[in-house]
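Here the structure comes first, spelled out in structure tokens, and everything after it is commentary.
Just so we're clear, the structure is a prediction, and the values are computed from it rather than from any experiment.
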Amino acid sequence: MRAKNLLESFKYAIEGIIYTFKTQRNMRIHVVIAFLVIFFSFFLKLSKTEMILMFFTISLVIVAEMINTAIEATIDLITDKYHELAKIAKNVAAGAVLISAVNSMVVAYIIFYDKIYNILSRLIYNNK
């Protein structure tokens, strides 16, 4: 499956994204959370730097999930029998997704905490 031109290369890449979204529950979860985070990022008026960090972090999680899917598919292509090395490869790839997801939560906490705290404080103190 060799791309004949640049447009065909993009087509194959988009097919990979769609495949991952359709077949991987965690990818769908990541995408839904990403859209929510982006929505709240605009609502909370993040700075350009904060938005760049958000998009980079979101991309990291999605890319890690796609690499995990590719590794799992490749191992499943090679063998349908249990093998300790196959288990290690799949677990390490899943671990990479977990680390990127935890990283995204830490970044979101650091960026959103003060903004949400200030909004809640104003709501609480203005109602007294």
task: Could you check M66, Q24, H30 and say which one makes a side chain to side chain contact (heavy atoms under 4.5 Å, CB included) with V97?
output: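 In the set M66, Q24, H30, the residue that makes a side chain to side chain contact (heavy atoms under 4.5 Å, CB included) with V97 is H30.
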
Does atom [atom1] of [X] have more than 12 heavy-atom neighbours from other groups under 6.0 Å away?
X: Y82; atom1: OH; value: yes
X: I88; atom1: CD1; value: yes
X: F112; atom1: CZ; value: yes

- request: Classify the angle between the aromatic ring planes of Y113 and Y117 as parallel (below 30°), tilted (30 to 60°) or perpendicular (above 60°).
  value: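 Answer is parallel, since the angle falls under 30°.
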
Rounded distance (nearest 0.5 Å) linking atom [atom1] of [X] with atom [atom2] of [Y]:
X: I111; Y: T49; atom1: CD1; atom2: OG1; result: 9.5 Å
X: F21; Y: N26; atom1: CZ; atom2: CG; result: 12.5 Å
X: I18; Y: K11; atom1: CD1; atom2: NZ; result: 10.5 Å

Are any non-hydrogen side-chain atoms of [X] and [Y] less than 4.5 angstrom apart?
X: K115; Y: E50; answer: yes
X: M27; Y: N68; answer: no
X: M51; Y: S41; answer: yes
X: I38; Y: M54; answer: no

Under 4.5 Å between side-chain heavy atoms, counting indirect links through other Ile/Leu/Val/Met/Phe/Trp/Tyr residues: same cluster for [X] and [Y] or not?
X: I17; Y: I29; value: yes
X: F39; Y: V31; value: yes
X: F43; Y: I33; value: yes
X: L46; Y: V37; value: yes
X: F42; Y: L36; value: no

- prompt: Would you find a donor on one side and an acceptor on the other, under 3.5 Å apart, between the side chain of E8 and the backbone of N5?
  reply: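 Looks like no, no N/O pair under 3.5 Å.
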
message: Please check: side-chain N/O of N118 versus main-chain N/O of D114, any donor-acceptor pairing under 3.5 Å?
response: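 Here the side-chain-to-backbone pair exists.
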
message: I'd like to know if E15 and K22 make a salt bridge, using a cut-off of under 4.0 Å between side-chain N and carboxylate O.
response: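 Judged by the 4.0 Å cut-off on N to carboxylate O distance, E15 and K22 do not form a salt bridge.
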
- request: Compare every heavy atom of S100 with every heavy atom of L60, then report the nearest pair and how far apart it is.
  value: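 That would be CG-CB, 3.8 Å.
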
- prompt: Taking all non-hydrogen atoms of both residues, which atom of A89 and which atom of I71 are closest, and how far apart?
  reply: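 Taking A89 first and I71 second, the nearest heavy atoms are O-CG2, 4.1 Å.
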
